[in-house]
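Below, read A as the first sequence line, B as the second, and so on, with proteins coming before strands; counting in each chain starts at 1. Keep in mind that the numbers below use all heavy atoms, side chains included, and drop hydrogens, waters and symmetry copies.
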4 protein chains.
Amino acid sequence: MAPTPPARGFPNKIQKPAAEASAAAGSRPGGRSARVRAQVLEAAGLQLVEHGYDALTVDAVAERAGVHRTTVYRRWRDVGGLLADLLDSAADDAWRPADTGSLEGDLTAMNQEILEAVVAEPSLTTALVAASFRSAEAARALRAFWAGRYERSAEVVERAGARGEVPPGTVPRPLLVAATAPLFHELVLLGTDPDPALPARAARAAALAARAGAFTGPPPGGVDPR
Amino acid sequence: MAPTPPARGFPNKIQKPAAEASAAAGSRPGGRSARVRAQVLEAAGLQLVEHGYDALTVDAVAERAGVHRTTVYRRWRDVGGLLADLLDSAADDAWRPADTGSLEGDLTAMNQEILEAVVAEPSLTTALVAASFRSAEAARALRAFWAGRYERSAEVVERAGARGEVPPGTVPRPLLVAATAPLFHELVLLGTDPDPALPARAARAAALAARAGAFTGPPPGGVDPR
Amino acid sequence: MAPTPPARGFPNKIQKPAAEASAAAGSRPGGRSARVRAQVLEAAGLQLVEHGYDALTVDAVAERAGVHRTTVYRRWRDVGGLLADLLDSAADDAWRPADTGSLEGDLTAMNQEILEAVVAEPSLTTALVAASFRSAEAARALRAFWAGRYERSAEVVERAGARGEVPPGTVPRPLLVAATAPLFHELVLLGTDPDPALPARAARAAALAARAGAFTGPPPGGVDPR
Amino acid sequence: MAPTPPARGFPNKIQKPAAEASAAAGSRPGGRSARVRAQVLEAAGLQLVEHGYDALTVDAVAERAGVHRTTVYRRWRDVGGLLADLLDSAADDAWRPADTGSLEGDLTAMNQEILEAVVAEPSLTTALVAASFRSAEAARALRAFWAGRYERSAEVVERAGARGEVPPGTVPRPLLVAATAPLFHELVLLGTDPDPALPARAARAAALAARAGAFTGPPPGGVDPR
DNA sequence: AGGTAACCGAGACGGTACGTCACGTCTTCAC
DNA sequence: GTGAAGACGTGACGTACCGTCTCGGTTACCT
């Protein structure tokens with residue numbers, strides 16, 4: 001049961017927008033359009049990471065990308081669109097949750113990743129959260145990103161169920177949220193100084209609660225469990 | 001042990017800046033300065049709540065308050081200062097946690113308050129969080145606000161300890177964060193549609209974890225438990 | 001030797017910025033840019049003339065020109081730039097000194113023009129002098145304007161030399177300055193009430209001094225006679 | 001016929017406002033009012049000389065004088081009033097024109113003084129001229145200052161008449177203006193680089209013109225000769 | 001010597017203008 | 001004919017002074 005070392009899966013580094021992604025958009029991969037898109041997205045990511053959301057202006061990105069302002073407006077309309085594009089390409093990476101052999105271990109590993117992504121200086125994750133408050137598109141993309149993460153993390157819960165660590169019928173998402181939310185709350189929302197023990201503690205609390213059956217049963221009134 | 005009905009303690013309505021608060025500042029309570037300050041703060045709150053952070057411009061607030069732009073700049077320097085002032089006056093209210101007779105009940109009540117504050121349309125709470133990402137002063141004030149809330153909520157945990165619901169040595173803040181964080185995570189950060197069962201579920205999970213001893217012992221390496 | 005009636009050559013009326021001048025700048029004459037420039041310059045001149053330098057604010061000019069403030073800032077940076085542009089276009093007009101047949105007559109005619117320009121109500125000339133004290137660019141433009149005027153007026157002195165009215169070697173500029181300076185001194189600097197005889201008197205004094213050889217010889221130690 | 005060395009009589013240095021001047025205002029010389037007035041006027045002069053007219057703000061002067069803004073407004077109303085007060089106290093000094101033994105010499109000496117006052121860095125004279133374009137009170141004071149200077153300089157012309165250097169009936173003021181105007185024109189209005197020969201040349205030209213009778217006869221239609 | 005009137009310090013306010021930045025649109029020129 | 005370059009309208013920013021006002025506290029003159 002070898003743990004899979006999950007390459008950093010939370011956004012803390014800009015990823016080169018995959019060439020095939022733009023290919024799907026209808027253009028030839030090597031075309032000027034694709035190159036321009038790549039340049040702009042990369043510039044946007046760098047700008048966001050280096051100078052924060054407030055410096056993520058269309059002008060700055062365009063200049064940084066060596067592209068004219070109007071080009072950016074044409075293709076992304078505004079900064080939110082840029083961010084959404086950025087996040088979307090980050091969303092479909094190959095991230096998989098760690099497999100450490102225990103629920104608590106898996107959750108701790110996930111939290112550790114989150115901690116690192118958040119405390120990174122500058123932190124793309126934090127910047128993206130901030131951005132999500134200002135751009136509906138960015139918010140949507142952020143939501144989609146996390147939906148994907150939680151979905152893929154469901155296997156952690158399934159493995160735990162198979163091991164008998166959690167009761168049958170345990171719903172993954174609430175558990176995962178319980179495990180990860182304290183980190184975001186403390187670090188992102190409240191800006192508390194990072195506490196190295198936080199990932200483990202939050203993971204342990206969620207695992208204990210899960211074992212005690214806190215996350216079984218029909219989640220929200222039969223609504224989709226997401 | 002009658003439950004104390006806690007008047008909404010999370011910011012979802014602008015409070016009239018207490019007259020006596022400004023009186024302490026050395027000026028006459030009824031003076032023009034005090035009146036101007038009250039007008040501006042009220043206008044800022046209304047503007048924030050009605051049109052969101054992005055519409056919270058100094059110009060708009062000033063006009064709404066019937067006050068000149070430069071006056072606002074003089075006293076608050078920028079929007080962040082306005083928000084900080086707003087939050088600071090919200091922070092020293094008389095909020096006390098509910099006392100329902102059980103830990104889970106108390107936490108559920110608290111979460112219920114949060115849910116209501118967050119889903120209120122428009123939501124001051126959400127707006128303030130958004131603001132905290134853009135103004136250092138607002139962030140500081142938000143932190144102070146929550147520090148106060150958690151501090152006062154410590155008695156919930158103490159009562160639970162007295163009732164034997166949690167092991168001795170249970171540290172309040174991590175427990176409280178575990179109970180409340182999922183709401184913020186889902187509703188504020190991820191923008192998930194409100195789930196009426198969420199407050200109870202998160203409270204229950206935190207209570208179970210606490211009972212299982214997840215929040216005992218020296219928190220991070222003997223650091224202050226905050 | 002018919003005297004050439006010199007159309008008013010000292011700035012007392014705003015000149016429509018010549019279309020061909022802006023055409024040389026690379027833009028189409030009828031383009032929006034050219035139109036905007038013309039509107040703004042005209043508005044600036046009118047504003048200056050009607051309400052004086054202190055009312056020559058960017059805001060006022062912009063509004064008067066039916067153009068946005070920032071447009072003015074973009075192209076002229078500040079009021080000084082506007083004035084400089086105004087003066088520069090005034091400088092390259094077709095002004096030529098009068099030819100009355102005598103030195104004194106020519107100088108008197110020139111002074112008469114100056115008098116009229118200065119006593120005009122409102123007086124663009126006076127406004128421009130005032131402006132030159134507050135804007136380096138306006139000062140430079142004013143200097144250039146007068147350099148041009150004096151240069152073209154040199155022919156007056158040459159004609160006088162040819163007629164034997166002044167000794168050979170008479171340097172034009174000091175003579176011209178001696179003839180015209182008293183008007184500016186009295187009317188512009190000291191604000192004395194206009195004296196109808198002043199133009200003739202100053203012209204006569206300068207002519208007499210010139211005849212007596214006051215302006216011959218190497219002017220300042222062989223330096224350029226300007 | 002010993003030339004009287006005229007102590008610099010053109011404003012190029014701030015004079016301590018005479019104590020007795022303020023005494024006339026009704027207050028005791030040593031009173032606080034007098035002290036405040038002196039402080040403010042001195043501060044105004046220094047500020048003007050060091051930073052130019054545009055920096056001569058009420059705020060700056062008040063701070064420099066160690067006096068509150070409102071005090072300045074109370075007593076002088078605005079910057080123009082300050083300047084007028086400053087100039088008025090400069091006007092009644094003990095300046096007397098030089099007596100070199102010849103008209104040309106006297107005029108040259110006067111021009112030399114002007115040159116020095118104007119090229120001084122920073123030049124109070126130039127600053128005052130600039131100020132006179134922006135404040136009616138300052139303009140009035142400047143006019144009064146020069147009226148006094150020309151009046152006292154009339155004796156130069158009288159002496160010249162007595163010596164037979166100029167025809168009888170020579171009117172002083174036009175002559176004096178003809179002699180001095182070129183300096184102001186070149187140096188103050190046009191900003192030409194100072195030419196060391198200019199004072200002598202202008203003086204000589206005026207003297208020659210005077211000798212030729214340029215300034216005799218009833219000046220303009222019997223109006224006051226000023 | 002004490003009362004009182006003038007003056008000063010302090011601070012806020014409404015107001016005008018400044019010069020800048022970024023946005024998103026629209027015109028125009030060049031390829 | 002289209003698309004990059006650039007200008008424009010628009011709105012907000014934060015700043016500097018302006019001149020006014022209202023307090024409260026000193027001074028210093030006068031009786």
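- Between D:Arg75 and C:Leu56, the residue anchored nearer the 5' end of DNA chain E, judged by the nucleotide with its closest heavy atom, is D:Arg75.
- Take the nearest nucleotide of DNA chain E for C:Asp54 and for B:Thr71: the residue whose nucleotide is more 5' is B:Thr71.
- A side-chain donor-acceptor contact under 3.5 Å links B:Gln47 to the backbone of B:Ala55.
- With salt bridges taken as basic N to acidic carboxylate O contacts below 4.0 Å, none links C:Arg64 and C:Asp59.
- What separates NE2 of A:His68 from C1' of F:dA4 is a distance of 6 Å, to the nearest Å.
- B:Arg69 CZ to B:Arg74 CZ: the interatomic distance, rounded to the nearest 0.5 Å, is 11.0 Å.
- Looking only at side-chain heavy atoms (C-beta outward), C:Trp76 and C:Arg37 come within less than 4.5 Å of each other.
- Distance, B:Glu63 CD to F:dC13 P: 12 Å, rounded to whole Å.
- A:Leu82 has its CG atom 10 Å from the P atom of E:dC23, to the nearest Å.
- Following rounding to the nearest Å, A:Arg35 (CZ) and F:dA4 (P) show an atom-to-atom distance of 12 Å.
- Residues B:Glu137 and B:Leu83 form no side-chain contact, since every pair of their non-hydrogen atoms from C-beta on lies 4.5 Å or further apart.
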Between the protein and nucleotides 14-17 of chain F, list every N/O to N/O distance that falls short of 3.5 Å.
from: F:dG14; atom 1: OP2; to: B:Tyr73; atom 2: OH; distance (Å): 3.4
from: F:dG14; atom 1: O6; to: B:Arg69; atom 2: NH2; distance (Å): 2.8
from: F:dT15; atom 1: OP1; to: B:Arg77; atom 2: NH2; distance (Å): 2.9
from: F:dT15; atom 1: O4; to: B:Arg69; atom 2: NH2; distance (Å): 3.4

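- In this structure, D:Asp78 and D:Val58 have side chains that are not in contact, with every pair of non-hydrogen atoms separated by 4.5 Å or more.
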